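Input: a single structure, listed below in structure tokens.
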Amino acid sequence: ANEYQLLEARAFGADIALLIVAGLDQPTLRRLKLFTEELGMTAFVETHDRVELERALEVESKFVGVNARDLSTFETNRNLFGELVHLFPKDVIKVAESAVRNADDVGHYRQAGADVVLVGEALVTSDANSTLRSFLEV
């Protein structure tokens, strides 16, 4: 991501910009997070491990995701969010990402302390209406 991409996103009406810690050095993460906020958007900062989560929190991110998918192997660890949740300050919105196939997975993340569960593949590989209804009943 760069400033131009953030400007384009805002021009097209985006309210949130995804910043993936794994792809940004710390000065760039800090700069893009601040620029996102200056544009009136929320920075959604995605992490994949403890070190990345600490980096996200160091730049005072308030909307942080823990993605269960390892970017090098593409394997998922549904327990990763629960292993890291204790590191989140109370004022940070905690998002559990990936490894959501069914309502049990949503319940697992909710019990672990997720404020938000990001769902992708489960909605495009099934009947989205019934899948979403089952997720909302958890």
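These figures come from a predicted structure and were not determined experimentally.
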Practice problem: Please assess E3 against R31 for the test side-chain contact (heavy atoms from CB on, under 4.5 Å), listing each intermediate value before the final yes or no. | Solution: CA-CA 9 Å; E3 286 84 355; R31 189 181 77 245; 2.5 Å; yes
Quiz item: Above 12 or not: heavy atoms from other molecules or residues under 6.0 Å from CD of E60?
Solution: no
Quiz item: Given side chains that start at C-beta, do those of L19 and K33 come closer than 4.5 Å, heavy atoms only?
Solution: yes
Quiz item: Is there side-chain contact between L29 and Q26, with at least one heavy-atom pair below 4.5 Å?
Solution: yes
Quiz item: Between R69 and E97, is there a side-chain N and carboxylate O pair less than 4.0 Å apart?
Solution: no
Quiz item: OG1/T47 to CG/L53 distance, rounded to the nearest 0.5 angstrom?
Solution: 5.0 Å
Quiz prompt | Close side-chain approach of L71 and H48, heavy atoms under 4.5 Å | solution = yes
Quiz item: Would a 4.5 Å heavy-atom cut-off, applied to side chains only, mark L118 and V100 as touching?
Solution: no
Practice problem: Search all heavy atoms of D25 against all heavy atoms of R55 and return the closest pair with its distance. | Solution: C-NH2, 3.3 Å
Self-check item: N/O donor-acceptor pair under 3.5 Å between Q5 side chain and N2 backbone
Solution: yes
Quiz item: Would a hydrophobic clustering, with Ile, Leu, Val, Met, Phe, Trp and Tyr connected at side-chain separations under 4.5 Å, put V106 with Y109?
Solution: yes
Exercise. Output the distance between atom OG1 (T42) and atom CG (L39), rounded to the nearest 0.5 Å.
Key: 11.5 Å
Exercise. Quick one: closest heavy-atom pair of R78 and D104, and the distance?
Key: NH1-O, 4.0 Å
Self-check item: Minimum-distance pair of heavy atoms, taken over all atoms of G82 and A112
Solution: CA-CB, 4.1 Å
Practice problem: For a salt bridge (charged side-chain N to carboxylate O under 4.0 Å, His left out) with D115, tell me which candidate from K94, K62, R110 qualifies. | Solution: K94
Quiz prompt | Gap between atom CD1 of I16 and atom OG1 of T36 - 0.5 Å precision | solution = 11.0 Å
Practice problem: Measure across S61 and V92 and return the closest heavy-atom pair with its distance rounded to 0.1 Å. | Solution: O-CG2, 3.5 Å
Self-check item: Side chain proximity check, V59 to L34, heavy atoms < 4.5 angstrom
Solution: no
Quiz item: Are F63 and M41 grouped together when hydrophobic residues (ILVMFWY) are joined by side-chain heavy atoms under 4.5 angstrom apart?
Solution: no
Quiz item: Are I93 and V116 side-chain neighbours, meaning at least one heavy-atom pair lies under 4.5 Å?
Solution: yes
Exercise. Please examine the side chains of L32 and L24, heavy atoms only from C-beta on, and report whether any two atoms are closer than 4.5 Å.
Key: yes
Quiz item: In terms of hydrophobic clusters joined by side-chain contacts under 4.5 Å, are F35 and V45 together?
Solution: yes
Quiz item: If you look at every heavy atom in A68 and A99, which pair is closest and at what distance?
Solution: CB-CB, 4.2 Å
Quiz item: Side chains of N77 and E83: closer than 4.5 Å at any heavy-atom pair?
Solution: yes
Practice problem: Run the salt-bridge test on R30 and E58 with the 4.0 Å N-O cut-off and return the result as yes or no. | Solution: yes
Exercise. Take the angle between the ring planes of F81 and F88 and call it parallel below 30°, perpendicular above 60°, tilted in between.
Key: tilted
Practice problem: Mind listing the closest non-hydrogen atom pair of F44 and V64 along with its distance? | Solution: CE1-C, 4.0 Å
Quiz item: Is there a path of hydrophobic side-chain contacts, each under 4.5 Å between heavy atoms of I, L, V, M, F, W or Y residues, that connects V21 with V51?
Solution: no
